[in-house]
Each structure stands twice: as C-alpha cells, then as structure tokens.
Amino acid sequence: MDLSVTIAGVRFPSCFMNAAGARCVTREELETLGRSGAGAIVTKSMTLESRTGNPEPRYVPFPGGSINSMGLPNLGYRAYAALIHELKQFGKPVVASVAGLQEDDFVTIAQAINDSRPDLIEVNLSCPNIPGKPQIGYDPETSERLLKRVRRVVTVPMGVKLPPYFDPAHHQMMAPVLGRIGLDFLSLINSVGNGLVVDPETEKAVIKPKGGFGGLGGTIIKPVALANVRAFWKLFEGKLPIIGTGGVVTGRDAFEHLLCGASAVQVGTTLMAEGVGCFERLSAELGATLQRKGYRSPADCRGRLQEL
Ligand code: DHB
C-alpha cells in the first residue's frame with residue numbers, strides 16, 4: 001500500500017518518521033535515517049552551541065516505555081545547517097528541530113537554519129530535561145511571544161512540538177495561542193516530562209540526571225498522545241495537520257493515531273530499541289491494517305474516530 005502523505009504541501013514518501021531525538025544526532029545517524037524506510041529525516045533538537053548533554057545513564061528502556069534525560073546533546077545548529085543540503089539528496093523531507101536555552105536562541109537558530117532550506121521546521125517547546133528550565137509549552141504567554149518572533153524569520157513550513165496537556169482547559173487555552181501564530185502543523189506529543197523510574201533491587205533511580213526525573217516515552221504514554229492528537233484535531237476542526245508521536249510500537253498504534261487525526265506519526269522509543277528496521281515493519285503492519293479495514297491510504301482514515 002502507498003503510505004505517502006502530504007503535510008503543508010510537502011510530500012512524505014511514508015507516514016512514518018523518527019521522533020526528534022531518536023537516533024538523529026550525528027551525521028551518520030541522519031544518513032542512516034536517509035537510507036532507511038523512514039518517510040522523513042528529523043534532526044535532533046539543535047541549540048546555538050554543540051552540547052554533550054547530561055551525565056549517563058540518561059536513556060533507559062523499561063517494560064512498556066522509556067525514560068530519558070539527555071540534556072540536548074547535539075552538534076549545534078551550524079553543523080546541522082551544513083548537513084541539510086546533503087540530507088535532502090535522500091529524496092525525503094528534512095525536518096529541522098529547533099530548540100534553545102533561551103528565547104533569543106530560538107530566533108537566531110530558526111533564522112539561520114531556515115536559510116539552509118529544510119523542508120519543514122519543528123520548533124520544540126517541550127524539552128523537559130534542562131535543569132532549571134521549565135517546558136516552554138506550559139507557559140502560553142512565553143510560547144506566543146517566542147513563536148511570533150520565530151514565525152517572522154521562518155519562510156519554510158513551520159510547526160510546533162508540544163508537551164502533553166492533561167486537561168481540556170489547557171487544550172482550549174493553547175489552541176487560540178497556536179491559532180494566532182500561523183502554524184503549518186503540530187507535532188504531538190513530546191515525552192511526558194519528569195517521570196521517575198525506580199529499580200527496587202538497587203534502590204536507585206534508573207537515570208542519573210535531575211535526581212532520576214526524565215521524559216517518559218513508549219507504550220505507556222500512548223493514551224496521553226492520542227488524547228492530545230484528538231483534542232487539537234477537534235479544536236482546529238481538522239484543518240491543522242498533526243504529526244502524532246507517542247507509543248507507536250506497531251502498525252495498529254499508528255492506525256490509532258491516524259484515526260484520532262494524525263496525518264503522520266513519529267517513532268521514538270521503538271526506534272531506539274529496534275533501529276531503523278522498525279520503519280519497514282511498521283509500514284507493512286499499517287499497510288495490512290488499512291487494507292483489512294478497507295482504507296486506501298493513511299489520509300483515508302484520518303480523524304475518523306467514532307465516539308460512542
Ligand atoms: C531532550 C528531550 C526532549 O524531550 C526534548 O524535547 C528535547 C531534548 C533532551 O533531553 O535532549
């Protein structure tokens with residue numbers, strides 16, 4: 001089955017891509033994504049300067065999910081800017097994930113990376129792992145001010161990666177903020193921030209940074225991800241494309257994201273566990289599910305979740 005999708009006028013040869021952060025820091029990792037079955041190459045969230053990140057252990061899988069506190073290890077935006085032209089030769093969209101340690105950084109990086117013409121820019125408002133820095137997406141005023149400044153300097157399609165919200169009041173608060181920016185897509189959700197995974201044998205937290213607190217991913221966050229995809233799909237009446245992220249382990253999980261309103265899906269914890277071979281497996285599984293249910297494409301089932 002043809003699993004290609006179009007988001008903001010950009011064609012993705014498959015609706016599956018890596019989630020920012022998963023196996024996408026180095027040139028080698030990005031090239032491996034280029035040669036893989038992934039429908040796009042999403043970069044690690046980039047900062048002004050290169051970073052080594054937080055002390056290890058900082059990524060640990062566990063049954064049902066993963067916890068991480070990477071601390072934004074990345075090559076710095078100049079290195080990614082220099083790589084984009086080459087990465088585009090793989091014939092799939094290149095998505096630049098832009099972060100920053102302060103508001104001005106986002107604007108500086110977005111302006112510079114935009115000049116390298118990635119196919120899309122995903123502005124990350126939801127890194128939970130920098131000690132002392134709250135997730136921007138939980139502050140509507142800061143989010144609006146920052147995004148308005150970034151939007152002014154970005155000419156390629158621009159979206160925002162948001163943290164999960166846990167109350168409809170928060171979805172309703174954020175939707176008008178996002179609506180005023182002129183966004184081309186949303187990526188939902190980033191990890192569920194500041195979980196704590198404990199090993200009762202060693203009586204220790206499983207990761208070192210932040211006293212063991214880190215972002216949760218994988219199967220355990222899927223219902224939170226689906227709820228956020230669905231909530232924003234409804235608030236924007238299906239008119240703002242959504243890339244769903246969270247708990248995509250099988251083709252069925254991806255199908256659930258599509259039903260809730262996602263146009264495409266990103267894969268984090270599963271990509272970390274399985275490597276880029278997951279994209280062919282997920283594509284085969286989703287293709288089989290769509291076929292069995294009589295859908296002709298990912299777009300054909302988008303948003304068609306029925307309520308009881
Ligand atoms: C990191 C984690 C995130 O969830 C994110 O959005 C950005 C960066 C990290 O710890 O590197």
Side-chain angles (χ1 to χ4, degrees), residues 17-26 29-30 42-61 65-77 79-80 95-103 105-106 109-110 113 120-139 142-143 146-147 150 158-165 185-197 205-218 220-222 224-225 228 243-248 266-272:
M17 69 194 83
N18 67 295
R23 297 187 186 263
C24 60
V25 176
T26 64
E29 287 176 323
L30 292 162
V42 185
T43 71
K44 173 67 182 172
S45 290
M46 56 192 79
T47 53
L48 273 184
E49 303 302 332
S50 66
R51 294 170 55 85
T52 55
N54 291 338
E56 295 181 335
R58 59 189 188 180
Y59 180 94
V60 174
S66 66
I67 184 166
N68 86 82
S69 182
M70 306 302 289
L72 279 167
N74 78 98
L75 305 178
Y77 79 91
Y80 295 109
V95 184
S97 174
V98 170
L101 300 181
Q102 47 184 39
E103 194 174 315
D105 296 359
F106 283 81
I109 296 166
I113 208 78
L120 305 98
I121 288 177
E122 185 182 88
V123 182
N124 183 0
L125 293 191
S126 43
C127 175
N129 298 334
I130 305 299
K133 304 264 183 198
Q135 292 161 81
I136 298 163
Y138 287 141
D139 177 344
T142 303
S143 297
L146 184 156
L147 289 173
V150 171
M158 171 178 141
V160 182
K161 177 89 166 270
L162 292 171
Y165 302 97
F185 68 98
L186 298 177
S187 288
L188 306 171
I189 57 176
N190 207 316
S191 55
V192 172
N194 295 293
L196 178 60
V197 175
V206 301
I207 59 170
K208 179 163 181 172
K210 283 182 70 175
F213 283 38
L216 303 173
I220 58 163
I221 75 162
K222 187 177 71 172
V224 176
N228 277 269
I243 304 177
T245 311
V248 176
Q266 295 180 342
V267 186
T269 299
T270 297
L271 173 57
M272 292 296 288

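Start at 1 and go down the list; that is how both ligands and their atoms are numbered.
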Student: For Asn74 and Thr47, test the side chains for any donor-to-acceptor distance below 3.5 angstrom and give the result as yes or no.
Tutor: yes
Student: Which one holds for Lys44 and ligand 1: side chain close, backbone close, both close, or neither close, with close meaning a heavy atom under 4.0 Å?
Tutor: side chain
Student: With nothing but distance in play, are any N or O atoms of Asn129 less than 3.5 Å from an N or O of ligand 1?
Tutor: yes
Student: Between Asn194 and Lys210, do the side chains contain a donor N or O and an acceptor N or O under 3.5 Å apart?
Tutor: yes
Student: Could you tell me whether Asn68 approaches ligand 1 through its side chain, its backbone, both or neither, with non-hydrogen atoms closer than 4.0 Å?
Tutor: side chain
Student: Return the set of residues passing salt bridge (Lys or Arg N to Asp or Glu O under 4.0 Å) with Arg23 (not counting sequence neighbours), or none when no residue passes.
Tutor: none
Student: With sequence neighbours excluded, tell me which residues meet salt bridge (Lys or Arg N to Asp or Glu O under 4.0 Å) with Glu103.
Tutor: Arg145, Arg149
Student: At less than 4.0 angstrom from any non-hydrogen atom of Ser191, what atoms of ligand 1 do you find?
Tutor: 4 (O)
Student: Among protein heavy atoms, which sits nearest to atom 11 (O) of ligand 1, and what does the distance come to when rounded to 0.1 Å?
Tutor: Leu72 N, 2.6 Å
Student: Starting from atom 3 (C) of ligand 1, which protein heavy atom do you reach first, and at what distance in Å?
Tutor: Pro128 CD, 3.5 Å
Student: Count the heavy atoms belonging to other residues, nucleotides or ligands that lie under 6.0 Å from OH of Tyr138, then report whether that count exceeds 12.
Tutor: yes
Student: List the closest protein heavy-atom neighbour of atom 6 (O) of ligand 1: residue, atom name, distance to the nearest 0.1 Å.
Tutor: Asn190 ND2, 2.5 Å
Student: Taking 4.0 Å as the limit for heavy-atom contacts, which would you say applies to Asn124 with ligand 1: side chain only, backbone only, both, or neither?
Tutor: side chain
Student: Compare Cys127, Gly71, Gly268 and give the one whose heavy atom is closest to atom 1 (C) of ligand 1.
Tutor: Cys127
